[in-house]
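Below: one structure, written as C-alpha cells.
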Amino acid sequence: MNEKCQFNRGFKKVPTRPNFQEIDRKWQSIWKKNRLLFVTDDLRKNAEPWVFFDGPPGTNGRPHIGHMMQSALKDVWPRFWTMRGKRVIRRAGWDTHGLPVELTAEKELNIGTKREIESYGVQNYINYCRDTVFRYKSDWENAIRRIGREIHLEDAYATYQRPYIETGWWFLKRAWNTQLNQNGELYYGENEQNGFRRLLYRADRIMPYCCRCGTPLSNFEVSQGYKTTTDITLFVKFPLVNQQDTFFVAWTTTAWTLLSNMALAVGPEIEYVTLLLTQDSEVGKKGEKLIIAKERISSLEKFFPNYKIIETKLGKEWENTPYIPLWDWQTKQVRNVKQHIVVSDTYVSTEDGTGIVHLAPYGEDDLRILRKLSIQYFLAVNEDGIVEDFVPEFQKRYFKEVNEKGDCLLDIEILKNLLQKGLLLAKEKVDHEYPFCYRCDTPLMYFPRKGWFLRMSDLRERLLQANELIRWQPPHIKEGRFGNWLENVNDWNFTRERYWGSPLPIWSNKRVGDDEKFLCIGSFEELKRYSTTVLEDDFDLHKPGIDLVELKNPYTGELYYRENFVLDSWFDAGIMPWGQWGYPYFEGSIEKIDGVDKQYPADFICEAIDQTRGWFYTLLACSVIYHTSVEAENKTYPNKKKPLPFPSSFKNVICTELVLDEKGQKMSKSKGNVVDPLEQFEKWGADPVRWLFYSVNPWTVKRFSEDIIQEGIQQVLLPLWNAYVFFTTYAEADGWTLEKQSNDYSTLDAWILSRLTELIENVTNALENFDVARSAQAITFFLDELNNWYIRRSRRRFWKSENDIDQFAAFTTLHKVLVTVTKLMAPFAPHLSEEIYQGLTQSDPNQDITQSVHLAKWPETSDIGKRDLELERKQSLIRDIVTIGHNLRQSQNLRVRQPLLQMKVCHRTEDLNAIEEIEKNEHVICEELNLKRVTFHIHPNEVVTFQCKPNLKTLGPRFGNRLKEISIKIQNLNSEQIENALKTKSLQIEQETFSLDDLLISCNAENGWVARMEGDWIISIQTTLTEELLAEGFVRELVNRIQNARKISNFEVSDRIHIDLWFKDKSVSKLLNDPLIQYLKRETLAVSLDIHTNHNIQEYQEVSGYEVKWAVRKVESRRENV
RNA sequence: GGGCCUGUAGCUCAGUUGGUUAGAGCGCACGGCUGAUAACCGUGAGGUCACAAGUUCGAAUCUUGUCAGGCCCA
C-alpha cells in the first residue's frame, strides 16, 4: 500500500447509510479551507500541461440543469488528468458582453430604441449593463461549487475587462495585417499590398432593421416577431431594350422595393419560354411577348387564356440582356452604366413567381449578386422607411403606411402607377409570414447596413484542414453538422451596432469612396500614441468614451474618427484561448507561470451542441486566423520565423445534448417543468445527481428523471458504500489494521484483483477516449461482482477464525480493491470517493491536504498485478453451474434452505479441464446450492439419458415426402447414439448426414432426479428428501426466523443471545438432534437455548409445516465464549 | 425546403470491422438469501431490432426508399 498512513488508529465502523448531503458539505469545506486547488496547482507546477478551456457562460440568467450537466462533465477530465500527474489549469470565465445583457438592461430600464438609449445617456446605459452582468454570477458560482466542480472561480476571466478587450484588439490587428491574394499567397504588414486583400474588411450587409427603433435585430429577435399578414404581390412587366412589346415578367411580394430595382435574375439552367399573346386581355394586348420560366406556365395560365410558345431559351442565354427601367429617374441615380440587365444565379428557383426575380438592395441574395457583379445600387427607401426625394412620384412617403383596411398604401400606389404605364401583368393577395419588431410591432425592413467582416470564405480550406485535427464526440458532428457548416462558410460579420461590447479598434478618415482610409489599432499603448487627447491609464475602452477618441496620422496630420461598432460577443468567446490571459500584453498571476503557448491548444472542451455555430465555430475561426497570420508573418519576414501554432485551438470536444424533463418535454418556464439544480443537489446530494449525467451518453438527448438518480444510488453509490461499511464493520470488530496485511491470496482474492485490473484498464481507456458512459458502466458492473460474488462468497473469511493469515488476506484484498475503486471513482463522485478513501487510508486531510484522493496517483494495472484470464474464465464457469442449479431447484419448487443430497455434473464434450476446475470448487457449489455433495462425470450417460425429436423446420424442406420415414428413424435413436452425435456435432443415418440443428435433443434424469442441459453442461440434481434432510431444512428455517428476530430487535451483529422455542406438536423436538441444535446456536450466536415442552401457547407461526413460536433476548456479550 | 441525428422489451438505454439463441438496469410475477446493506440474489414473462426493398452464405449492424420524432439552418 503506497498510501501514507499518518497514524494507525484502527478502522471505525461507519453508518450503514451515507448522508450524501452531509458528505458534500464536509469535504467542500475541507477542500476550501485547505485550498486544495491551489495546492494542486503548486504540486503540478512543473508537470506537463493538459489543457482545458472552460467556455464562458453568459451571466444573464440562472444556471439550469443542462449547465449542471456541463459542469459535471467538464469536471471529470481535469480531475482524471490531474491524478495522472498532469498540470491542468482550471480557470472559469464569464461571457459578459452582448445583446442578452443589453436586452435585460433595456427591459429593466423600460427603454427599447436607440433614441431612448441615447436620451437615457450612453454612459448611464453602459454603467447599468456593467452592473447587471454580475447579477447572476453568484448563482452560477453557488451551483458550480455545490456540484463539487473544482475550478478557480475567484480568478475567473471576464470578457469586459481591459486585458480581454486588448487581446481582441491585438487579434484584430493581426487579422488586419494579414493579407491574401487570389492565389492564396500571404503577406503580413500594415500597408495594403498590391493585389492582396486584408482578412478584415468593411462591407454592406442586409440586416433585419426596425426603422422605428433605429436598430438592426438579431436572428433571435426576428424569430420572435413573425406574424401572418396579407400583402399585395405584383407580376411586373419589364420591357426589353430594342425589342418592341417584349417583357420579362417578375414577381414580387414587396412592391416598394421596385423603386430600387437594379437587375433581374434568372436561373442559368432554367428553361424560359417566350409566350406570344394571341388575344387582347387584361394582361396585355394581342402580339405582346412575355418571358417566364417554362415550369411556371401551368400556374400562370389563368392570367392569359390565349397564347402560344414561340421560343425556349436557357436562363444563361438571357444573361446581360438590358431592359428598360420602370421609372426613368432610376437610371440617373448611379454613375455606372451596368444596371437594369438580366443576371443569372443558381439561387433562382421555379417554386413560385415567374422564375424571374427582381433584384433590389433589400435582400441578402440580391445584395450578394449585385456585389458579385459590381452593380452599383441606390436605396430609394432610406433607413427610416421614407422614400427619398429623388423619387418624384412617391417622395417622403412611409413604406408601410396602411389604411383602415390594413392595405399598404405605398404598394397600392405603385400598383396603380404601373398599371397606368401598362407594366402590370397581374396582382394577387397573398398571406405570408412577415417579421415584425418584437418590441414595437413595426414591420421590419431588410436593409443594407455597414459592418466589418472577417474573410472566412477565403480561409475555408484552412478551416476544413483544421477540423481534420479535431476529435469530435459524437464523431458525426465533424463531417456532418460542423463540416457542412464549414463547407458553406460565409464571411463573418463580427460587428454590431450596439453599445455594450468590446469596441471595434478601427478609425476612419470619413472620406467618401476610394479616399476613405482606416487605422486599425492593436493595443491601448498604440491608441495613446495616435490619440489627439491624452488618455489616462484607467481609461475605459467601452462606449461612449472610446467614440470620442480622435486619432491623428502623425505623417499626414489627417484626423480619424472611430467606426462606431462593438464586437460580436461570439468574437469575444472565440479569442478566449488568448483573452483569458490577456495575451500578449497582460501579466497576471497564473499566466506568469506559463504563457499562452503552453496553454494552447486545448486538449479538451465540452459544450452543448448549439455551439456548433457558436463557440465551436468561433474558436476554430479565430485559431485559423491566428495560424494564418503567423504563417503570413513568417512568409514576409523569413529571418524572424516564429513557430507555427496548432491550427485548431482545441483537439477534443464533447458536444452535449439537451436535457429534457421526465416526460421528454423541453424544459421551459411557461410549462413549469424546469428542474432547479440546487433543489436536486439538496434532495439527493451532488454525487448522485452527477452520476445521472455519466450513466448515459452525454451526446444523446436525455431525460432528467429522479428515478434514474435513484437507480444510480442503488446500483453504484450504495453498493460502494455498503462494501465500505462491511469492511469497516469487521475491521473494527476484529481489530484489523494496515499492519496486518497478507499477500497469501485465495483464489477468490486473486479473481477479484484480476477483475480490478480489468476495471482499471476499462475506466482509463474509456476516459482517454472521452467515453464517460463506458467508464460508468464498467464501474457499475464491477461493484456488482464485488458485492454479490466476492464479498458474499468470502463473508465468512472476515469473521474471526483460527486462520489469521487467510483473514488478513481477505482484508488486504478488500482494502486494496476499495482504495483503488475510490480512486477510479474520484473524478465522477468526488465527495463520496474522498469520504471513503480517507476512511480507508486513515490519513487526515485537515492536517495534510495532499492526502486527498484527488491528488492520489491514478491506479495502474501494474499496481495490482497481471490479469489472470484463465482464472476469470474458471470463476465464470462456477457461476454458470450455480445458475443452472438454481434454475433446477426453482423448477421443482425446492427452496435453497432445503438441503439436497447430490448434484451430478457432466461436460458434454468431455472437457476434462473444465470438469477438474469445477471439481476444485465443489464446496462453493455445495454452499451456494445447499447440497451435500457434487459428483463429476465424464460420460453423460452416467447422468442422464437422451431423447431426440426431428426438427421439422429444417428437415421438412430437405426431405419433403420422405419426412415421415426419416422422423421415425430419428425418434428411434438410442441415448448412446445421441450422446455420440453431441460429441461429434453431427449424425449419420444411412446415407444422410444431420447436424445438431436438425435434432431437438432433450435429456431425462432417473427417478428422483431432475436434469437440464445448458450450453455444454449437463446437470442433474437429486430431489428426494430424507428425514434428515427435512430436519436440516427445518433448522435452517428456524435460523432464518431467529436472525430476523435479531434484526427486528436491533441487536448488534456480535451480540450473544438466548433462544426460547415452543412447538405445538411436542414430538417435533425429537427432530432436533444435538448437531442440529449446535448448528442453530452457532449460526445465531446463541449461548443458550431452551425448548419448552410444557406450555400452553396459542400464537404459533408456521415454519416448514410445523407450528412454532420463538423468542430471543440479549445476554452479556463475551466473545471469547464462542 | 436543405443538412444532421434518433427509432432495439412496459420504461431508460447497451449492442464494438456484418457472424451462434439480440443484452443490461428499472418495473412486473414467482422463488430465495441476509452474523454489511429497509438492501440484495435467482428464475420467468416481455422484442416482426419503426416499415419496405436490396447487397451477402449470413443484416439490429451496410445501401436505397418510406414513416415517425428531434436538433440546426433557410
Side-chain angles (χ1 to χ4, degrees), chain A residues 13-18 219 223 347 349 351 364-365 474 476-485 487-488 608-614 655 657-658 660 662-664 666 692 695-697 699-703 705 707-708 710-716 718-731 733 771 773-774 777 780-781 784 787-789 791-792 795-796 798-800 814 879 882-898 927-930 996-997 1015 1036 1039-1040 1042-1044 1046-1048 1051-1057 1082-1086 1122:
Chain A
K13 189 181 171 186
V14 296
T16 52
R17 206 175 161 94
N219 284 337
S223 65
Y347 109 94
S349 80
E351 272 162 26
E364 208 169 325
D365 285 304
H476 62 79
I477 306 282
K478 178 182 199 151
E479 306 292 335
R481 192 177 282 203
F482 195 69
N484 289 341
W485 165 252
E487 298 271 1
N488 301 310
I609 181 115
D610 56 14
Q611 298 297 324
T612 18
R613 277 138 217 239
C655 309
E657 259 290 358
L658 236 56
L660 306 174
E662 204 142 3
K663 290 174 191 145
K666 228 180 197 175
L692 164 75
S695 56
V696 193
N697 265 336
W699 48 84
T700 53
V701 179
K702 78 170 61 109
R703 299 179 185 191
S705 126
D707 288 350
I708 298 181
Q710 222 156 359
E711 218 172 275
I713 294 177
Q714 268 172 32
Q715 269 175 58
V716 183
L718 273 188
L720 175 67
W721 184 261
N722 288 336
Y724 175 55
V725 173
F726 176 85
F727 174 82
T728 53
T729 305
Y730 289 103
D771 195 343
R774 229 171 246 277
Q777 267 166 23
T780 310
F781 191 75
D784 182 64
N787 278 299
N788 293 321
W789 192 251
I791 294 187
R792 191 157 61 81
R795 212 164 31 200
R796 284 165 194 269
F798 290 89
W799 306 349
K800 196 160 179 68
L814 184 55
R879 296 188 75 172
V882 171
T883 300
I884 299 169
H886 276 301
N887 212 329
L888 282 171
R889 288 192 82 111
Q890 169 110 11
S891 72
Q892 301 300 309
N893 273 330
L894 287 165
R895 53 178 188 266
V896 181
R897 278 194 210 110
Q898 175 58 58
E927 265 177 47
E928 287 288 316
L929 292 169
N930 199 8
L996 289 182
D997 283 345
R1036 289 196 59 153
V1039 169
N1040 167 251
I1042 289 164
Q1043 298 292 21
N1044 281 338
R1046 285 184 64 114
K1047 187 171 273 184
I1048 290 164
F1051 293 175
E1052 291 293 313
V1053 295
S1054 52
D1055 285 340
R1056 268 43 184 180
I1057 58 168
R1082 194 170 62 241
E1083 287 298 305
T1084 56
L1085 290 192
V1122 179

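Just so we're on the same page: letters track the sequence lines, and every chain starts at 1. The figures that follow rest on heavy atoms only: side chains count, while hydrogens, waters and symmetry mates do not.
Checking U37(B), C41(B), C72(B) against the side-chain heavy atoms of Arg481(A) singles out C72(B) as nearest. When each of A39(B), G25(B), C41(B) is scored by its nearest atom to the side-chain atoms of Gln715(A), the top-ranked nucleotide is G25(B). Checked against U34(B), C5(B), G15(B), the side chain of Arg1036(A) finds its nearest nucleotide in U34(B). Taking the side chain of Glu711(A) as heavy atoms from C-beta on, and the options A14(B), A39(B), C26(B), the nearest nucleotide is C26(B). Looking at the side chain of Gln777(A), the nearest of the listed nucleotides C73(B), A14(B), U12(B) is A14(B). The side chain of Arg795(A) lies closest to U34(B) when the candidates are G3(B), U34(B), C41(B). For His476(A), counting side-chain heavy atoms from C-beta on, the closest listed nucleotide (U37(B), C40(B), C5(B)) is C5(B). With distances taken from any side-chain atom of Ile708(A) to the nucleotides C41(B), C73(B), U12(B), the minimum falls on U12(B). Closest approach to the Asn484(A) side chain among C26(B), A14(B), C4(B) is made by C4(B) (side chain taken as heavy atoms from C-beta onward).
Distance check on atom P: U20(B) versus U61(B) gives 14 Å, rounded to whole Å. A74(B) sits 47 Å from C57(B) when the P atoms are compared, rounded to a whole Å. Separating the C1' atom of G47(B) from that of C51(B) is a span of 16 Å, rounded to the nearest Å. Nucleotides G3(B) and U16(B), compared at atom C1', are 28 Å apart to the nearest Å. One P atom belongs to G10(B), the other to U66(B), and the distance between them is 28 Å to the nearest Å. When the C1' atom is used for both C41(B) and U37(B), the distance is 13 Å, rounded to whole Å. Comparing the same atom, P, in U55(B) and in U8(B) gives a spacing of 27 Å after rounding to whole Å. C67(B) and U56(B): their P atoms are spaced 28 Å apart (whole Å).
Looking at Trp721(A), its side chain never comes within 3.5 Å of a backbone N or O of Val716(A) through a donor-acceptor pair. Between the Asp784(A) side chain and the Thr780(A) main chain, no donor and acceptor come within less than 3.5 Å of each other.
Side-chain atoms of Arg792(A) stay outside donor-acceptor range of the base of C40(B), with no qualifying N/O pair under 3.5 Å.
Residue Ile791(A) is in base contact, counting any heavy-atom pair closer than 4.0 Å across all strands shown.
Within the structure, a side-chain polar atom (N or O) of Asn788(A) is placed less than 4.0 Å from OP1 or OP2 of C41(B).
Heavy atoms from other residues, nucleotides or ligands lying under 6.0 Å from CZ of Arg792(A) number more than 12.
Checked against the 6.0 Å centroid criterion, the rings of Phe726(A) and Phe798(A) qualify as a close aromatic pair.
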So what's the dot-bracket for RNA chain B: Watson-Crick or G-U pairs under 3.5 Å, [ ] if a pair crosses, | if it pairs off-strand?
(((((((..((((.....[...)))).(((((.......))))).....(((((..]....)))))))))))).

